[in-house]
Amino acid sequence: MTVFLAPLAGGALIGASAALLLLLNGRIAGISGILGVLLGPAGRDRAWRLAFLAGLLAGPGLFRLLSGGWPEVCVAASWPGLVAAGLLVGFGTRLGSGCTSGHGVCGLARLSPRSVAAVATFMAAAIVTVFLVRHGVAR
């Protein structure tokens, strides 16, 4: 049952934080946009952006404090594969004008046509990638 409840609670917290940011601040909780504007030449609205990112970074420490340990993480990929995946995700985020949090969580909730197209595209790409990797075609 814990295997089901932990992701459910995490999803509820992500949704609640995105909804609160939109309701209280009028901003979309797209991480790439929050960080991109903050790191840009004239980073505006710095305070809430820094607070949001600090909350993201503090999350694992809070988890450890409340649970008494770190969760077990098993990554079955090579370092070159992880680097390549990270670069592809970064490229896709730039190409799609947003990330999964902006389009998938916030955009779909607002019924944004652009976000529906973006989510359909990255989900299709993910499905094809997993199929190719799992069935040995991309090895």
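Numbers for residues simply follow the sequence, beginning at 1. Every heavy atom of this structure was used, including side-chain atoms; hydrogens, water molecules and symmetry mates were not.
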Enquirer: Do Leu23 and Ile28 land in one hydrophobic cluster if side-chain heavy atoms of ILVMFWY residues count as linked below 4.5 Å?
Expert: no
Enquirer: Check for me, please, whether Trp48 and Leu50 land in the same ILVMFWY cluster - side-chain distances under 4.5 Å, paths through other members count.
Expert: yes
Enquirer: With a 4.5 Å cut-off on side-chain heavy-atom distances among I, L, V, M, F, W and Y, is there a chain of contacts connecting Phe52 to Leu35?
Expert: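 Cluster IDs for Phe52 and Leu35 match.
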Enquirer: Evaluate the side-chain proximity of Val73 to Val75: yes if any heavy-atom separation is below 4.5 Å, no if none is.
Expert: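 Val75 reaches Val73 side chain to side chain.
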Enquirer: So does Leu108 get a backbone contact from the side chain of Ser112, meaning a donor-acceptor N/O pair under 3.5 Å?
Expert: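 Pair absent, no side-chain N/O of Ser112 close to backbone of Leu108.
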Enquirer: Check whether any side-chain heavy atom of Ser32 sits under 4.5 Å from a side-chain heavy atom of Arg94, and report yes or no.
Expert: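 Contact flag for Ser32/Arg94 side chains = no.
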Enquirer: Leu39 and Ile34: same hydrophobic cluster, using ILVMFWY side-chain contacts below 4.5 Å?
Expert: yes
Enquirer: When the ring planes of His135 and Phe131 are compared, do they come out parallel, tilted or perpendicular, using 30° and 60° as the limits?
Expert: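 Aromatic pair His135/Phe131 classed tilted.
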Enquirer: Could you point out which residue of Ile127, Thr100, Thr93, Val89 forms a side-chain contact (heavy atoms from CB on, under 4.5 Å) with Phe122?
Expert: Thr100
Enquirer: Between Ser101 and Ile31, is there a donor-acceptor pair closer than 3.5 Å when you use the side chain of the first and the backbone of the second?
Expert: yes
Enquirer: Any heavy-atom pair between the side chains of Val37 and Arg49 that's under 4.5 Å?
Expert: yes
Enquirer: For residues Phe63 and Gly69, report the shortest heavy-atom separation together with the two atoms involved.
Expert: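 It is CE2-O, 3.5 Å.
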Enquirer: Can you measure from NE2 (His103) to CE (Met123) and round to the nearest 0.5 angstrom?
Expert: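 Spacing of NE2 (His103) from CE (Met123) equals 14.5 Å.
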Enquirer: Considering only heavy atoms from C-beta outward, does the side chain of Arg27 approach that of Asp45 to under 4.5 Å?
Expert: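 Yes; the side chains approach each other to less than 4.5 Å.
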Enquirer: Assess whether atom CH2 of Trp79 is packed by more than 12 heavy atoms of other residues, nucleotides or ligands within 6.0 Å.
Expert: no
Enquirer: Looking at every heavy atom in both Ser115 and Gly107, which two are closest together, and how far apart are they?
Expert: OG-CA, 3.3 Å
Enquirer: Please say yes or no: joined through hydrophobic side-chain contacts below 4.5 Å, possibly via intermediate residues, are Leu56 and Leu38 part of one cluster?
Expert: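 Yes; Leu38 is reachable from Leu56 via cluster members.
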